[in-house]
Number of protein chains: 2
Amino acid sequence: MELRQLRYLIAVAEEENFGRAALKLNISQPPVTRQIKKLEEELGVQLFKRTQKGAALTAAGGVFLGDARQIMSLVHRSVERVEAAHRGELGTAEVAYFGSPSLKIVPEILQVFKNDYPDVEINLRRIPKREQIRAIKVGEIHMGFGRYFPHDPDIYTEEILTEGLAVAVPKYLDIDIHASNWKKIFKSASFVLFPAAGRPNFADEVLSILNREGIDPQIGNVTEDIHSALILTAVGEGFTITPSSVADLNWSGVKFFELPEFGMACPLNCIFRKSDTSPILRALRTSIRRHFQKPGEGMK
Amino acid sequence: MELRQLRYLIAVAEEENFGRAALKLNISQPPVTRQIKKLEEELGVQLFKRTQKGAALTAAGGVFLGDARQIMSLVHRSVERVEAAHRGELGTAEVAYFGSPSLKIVPEILQVFKNDYPDVEINLRRIPKREQIRAIKVGEIHMGFGRYFPHDPDIYTEEILTEGLAVAVPKYLDIDIHASNWKKIFKSASFVLFPAAGRPNFADEVLSILNREGIDPQIGNVTEDIHSALILTAVGEGFTITPSSVADLNWSGVKFFELPEFGMACPLNCIFRKSDTSPILRALRTSIRRHFQKPGEGMK
DNA sequence: TCTATATCATACCTGTTGGGTATTCATATG
DNA sequence: CATATGAATACCCAACAGGTATGATATAGA
């Protein structure tokens with residue numbers, strides 16, 4: 001059986017007439033006769049009763065007509081679906097993240113993406129940076145989010161945005177950090193750094209900035225993650241320097257002060273395979289570009 | 001698009017390899033390549049990523065594979081359905097009845113039919129005899145049940161069974177009708193006849209039998225239907241002679257006595273169009289023959 | 001580095017088949 | 001009985017599916 005025969009069947013059933021069906025199909029009448037006949041022979045079932053005025057479906061033909069219509073509509077629907085999938089509008093986006101961006105920015109990005117591509121499922125996993133690179137290379141994930149990714153020749157690293165820095169201090173301390181006093185305070189302060197692993201990392205960046213500013217920080221602790229660092233800050237182990245977006249969340253026991261003097265020092269990157277041409281990746285990049293980057297900026 | 005291409009797509013997806021897919025399809029490899037390529041061109045979507053080891057579905061290809069499987073299974077299912085419809089196992093049986101058979105025998109027949117052909121819907125209507133003949137001629141119904149149908153050249157009348165007769169008398173009468181006294185009783189009795197319309201009919205048959213037995217019955221009333229007749233009997237308007245199957249039901253106010261002396265005088269017939277070759281009619285007749293007729297008896 | 005191998009793609013041929021035209025057959029209608 | 005309508009048939013051609021042979025490419029192994 002071929003779809004051609006179902007098309008002809010539907011046309012003849014609708015027109016109740018082989019000749020008019022042929023006209024509608026833009027072919028001549030004999031091929032219609034032949035294909036219907038072939039279909040009937042294959043099924044071993046008479047589908048039409050030929051009358052003087054044309055052709056009338058038999059009971060079995062009526063059953064088959066319903067199914068044929070269903071099949072054709074399924075065919076059309078699935079063509080649309082493939083095309084949607086090809087445009088990146090259908091499928092599953094495999095996404096990974098690591099570190100502090102997960103707190104505020106990655107949720108924002110995925111919210112925007114879900115809005116742009118509502119039929120794409122998002123499969124999100126927390127994966128360390130080096131592991132992300134491996135997963136991207138073998139095609140397990142389309143895109144990873146994080147900061148300070150190590151370089152890899154197969155991986156393209158794109159900057160989504162840069163943030164300033166803020167400093168978290170214990171809430172119970174009665175201090176106010178601003179342009180005219182921060183340097184003095186920092187020189188005698190103790191700091192909690194994060195993360196410990198995944199060099200290069202945010203801790204390296206913070207240290208390098210402090211050094212640049214002539215501060216040789218006293219290190220109270222180095223934690224695995226930002227949450228641990230802020231807990232230690234709350235109990236007085238030392239100040240923590242964080243990306244400023246972190247300050248927008250409600251942390252108990254700490255308060256934040258922006259550090260505009262440190263500049264927009266903290267990038268948020270996404271990474272993906274240079275050779276990945278999948279529509280889902282294209283969709284992800286399109287969505288990110290439209291919402292987080294100025295036109296024409298930052299693309300490969 | 002043609003089903004052939006879906007078959008090849010599924011084979012290649014399953015084997016992840018064009019050559020092995022060709023083997024499975026019992027054709028050579030190049031046609032597979034060509035059909036897949038043609039499909040991809042028609043959709044404007046790459047379905048497979050060709051690798052060194054074979055072929056891997058793209059994301060869009062995966063979407064399409066699922067749909068293709070669904071389409072193929074729908075195709076197979078609908079072939080089965082057409083064949084079932086052709087065997088008369090699927091569809092709607094349009095059936096009509098008229099008169100007393102509706103009380104007991106027609107329900108029995110339809111019960112048996114529903115049991116034999118559980119997927120056939122039964123559309124049952126009460127239609128007068130002449131109207132049944134018209135409806136059968138134009139194909140509105142497949143089969144009609146009744147007694148004493150008028151002859152029609154296009155209609156085949158088949159006898160399903162014959163019944164004896166019984167007489168209904170008022171419950172309050174303290175009489176017992178049997179072989180040795182019925183004639184004497186009937187000669188002085190009054191009778192209620194039914195039905196009034198649709199000649200030839202059961203009333204004609206009853207009169208002819210009574211006459212044959214030398215009884216010139218006194219007619220108390222002629223009713224439209226059996227139910228009215230039995231109500232009149234209950235109130236003493238006269239005896240009613242009925243097909244004996246009627247006696248099996250619980251009627252209030254009357255009691256029945258079999259009349260074996262009258263013979264198996266009351267046929268139940270079904271009628272259908274002589275030229276009707278529809279599988280549903282065939283199914284109906286098969287069912288009836290198997291359950292109500294001795295092998296080889298009564299068929300055209 | 002140079003095969004050997006496994007894969008898909010291409011070129012070309014052939015036979016099948018789908019579609020076209022002309023005609024016939026069947027049947028109803030005036 | 002002529003005519004009209006519609007399906008079926010006969011025959012032709014062109015398109016296309018499938019076959020064989022070969023090419024292109026990339027990987028693995030010597």
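Note: hydrogens, waters and symmetry copies are ignored here, and every other heavy atom, side chains too, is used. Letters go in sequence order (proteins before strands), and every chain restarts at 1.
- Between the CD1 atom of B/I36 and the P atom of D/dA17 there is a distance of 13 Å, given to the nearest Å.
- The distance from atom CD of B/E15 to atom P of C/dC8 is 11 Å, rounded to the nearest whole Å.
- Heavy atoms of A/Y8 sit under 4.0 angstrom from primed sugar atoms or phosphate atoms, though from no base atom.
- Applying the 4.0 Å criterion to OP1 and OP2 of D/dT9, one finds that A/K37 has a side-chain N or O inside that range.
- Heavy atoms of B/R4 sit under 4.0 angstrom from primed sugar atoms or phosphate atoms, though from no base atom.
- Taking atom CZ on B/F18 and atom C1' on D/dA24, their separation rounds to 15 Å, with Å as the unit.
- Between the CZ atom of B/F48 and the P atom of C/dT7 there is a distance of 15 Å, rounded to whole Å.
- Across all strands, B/K38 comes closer than 4.0 Å only to sugar-phosphate atoms, never to a base (heavy-atom distances).
- Spacing between atom CD1 of A/I27 and atom C1' of C/dT21 amounts to 14 Å, rounded to whole angstrom units.
- Here A/T33 reaches the OP1 or OP2 of D/dA8: one of its side-chain N or O atoms lies under 4.0 Å away.
- Side chain B/R34 to base D/dG19: a donor-acceptor pair is found below 3.5 Å.
- Distance from the side chain of B/P30 is smallest for D/dT20 among the nucleotides D/dT20, C/dT7, C/dG20.
- Per the geometry, CD belonging to B/E2 stands 14 Å off C1' belonging to D/dA15, to the nearest Å.
- Atom CG in A/D152 sits 11.5 Å away from atom CZ in A/R273 (nearest 0.5 Å).
- Using a 4.0 Å heavy-atom distance criterion, B/Q29 is classed as a base contact.
- The distance from atom CZ of A/F18 to atom CD1 of A/I36, rounded to the nearest 0.5 Å, is 5.5 Å.
- What separates CD of B/Q52 from P of C/dA9 is a distance of 11 Å, to the nearest Å.
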Kindly determine whether B/Q5 and B/Q35 satisfy side chain to side chain donor-acceptor pair (under 3.5 Å), including the steps that lead there.
CA-CA 6 Å; B/Q5 297 166 327; B/Q35 291 296 336; 3.3 Å; yes
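- Judged by distance alone, the side chain of B/N201 and the main-chain N or O of B/P195 form a donor-acceptor pair under 3.5 Å.
- Regarding B/N17, its CG atom lies at a distance of 11 Å from the P atom of C/dA9, rounded to whole Å.
- Proximity note for B/Q35 (side chain, C-beta onward) versus C/dG18, D/dA10, D/dG18: the nearest is D/dG18.
- Atom-to-atom distance recorded for B/Y148:OH and B/D204:CG is 9.0 Å, nearest 0.5 angstrom.
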